[in-house]
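Comments concern the structure below.
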Amino acid sequence: ATCLVLPSHTEGLPLALLEAMLAGVPVVATSVGGVPEIVEDGRDALLVEPHDPGALAAAIGRVLDDPELATQLSEAARRHARADYTPDRLAERVSALYREVLANR
């Protein structure tokens with residue numbers, strides 16, 4: 001894919017976003033729910049406000065018209081996702097959370 005566009009009005013933790021990041025696909029998404037907790041605008045994705053089709057179109061255009069930007073976003077996102085969001089890393093984090101909760105009982 002050339003770009004993942006996630007124009008949600010509400011969102012939790014979108015797996016499609018994580019999958020795109022791990023695949024090295026540049027992301028354009030709305031800044032809703034857990035999205036801004038996963039990616040940072042301009043670092044590893046382009047984020048726009050929801051309900052703003054003009055801003056969404058402009059961000060998509062930026063990624064499509066600027067291959068260097070697309071590469072920078074996708075490489076940063078892949079590094080970030082591999083460091084924090086692989087299945088093994090997520091399992092480690094959940095396990096650590098359980099250990100912490102049990103230790104504080």
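Everything numeric here is computed off the predicted structure, so don't read it as measured data.
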Thr10 meets the side-chain hydrogen bond (donor to acceptor under 3.5 Å, both in side chains) criterion, sequence neighbours left out, with none
The side-chain hydrogen bond (donor to acceptor under 3.5 Å, both in side chains) partners of Ser8 (sequence neighbours excluded) come to Glu11
Students should find that the hydrophobic cluster of Leu69, defined by side-chain heavy atoms under 4.5 Å apart, otherwise consists of Val5, Val28, Leu46, Val48, Leu56, Ile60, Val63, Leu64, Leu73
So ring-ring contact (aromatic ring centres under 6.0 Å, His included) across residues 12-34, not counting sequence neighbours, yields none
Residues 28-45 vs salt bridge (Lys or Arg N to Asp or Glu O under 4.0 Å), sequence neighbours excluded, gives Glu40-Arg43
Those residues at least two apart in sequence (or on a different chain) that pass side-chain contact (heavy atoms from CB on, under 4.5 Å) with Glu92 are Arg89
Sorted by chain and number, sequence neighbours left out, side-chain contact (heavy atoms from CB on, under 4.5 Å) with Ala20 holds for Leu4, Val25, Val27
For residues 59-68, the salt bridge (Lys or Arg N to Asp or Glu O under 4.0 Å) pairs (sequence neighbours left out) are none
Residue pairs meeting ring-ring contact (aromatic ring centres under 6.0 Å, His included), one or both in residues 14-37, sequence neighbours left out, come to none
The complete set of ring-ring contact (aromatic ring centres under 6.0 Å, His included) pairs with one or both residues in residues 26-55, sequence neighbours excluded, reads His9-His51
Taken in chain and number order and not counting sequence neighbours, the residues that satisfy side-chain contact (heavy atoms from CB on, under 4.5 Å) with Pro36 are Ser31, Leu47
For Ile38 and Met21 the tightest heavy-atom approach is CG2-SD, 3.7 Å
Could you pull out all donor-acceptor pairs under 3.5 Å where a side-chain atom in residues 96-105 meets a protein atom, sequence neighbours excluded?
from: Arg99; atom 1: NH1; to: Ser95; atom 2: OG; distance (Å): 3.0
from: Asn104; atom 1: ND2; to: Glu100; atom 2: O; distance (Å): 3.0

Taking Leu22 as the starting point, is it possible to reach Leu15 by hopping between hydrophobic residues whose side chains are less than 4.5 Å apart? no
Interatomic distance, CG@Leu90 vs CG@Leu13, rounded to 0.5 Å, equals 8.0 Å
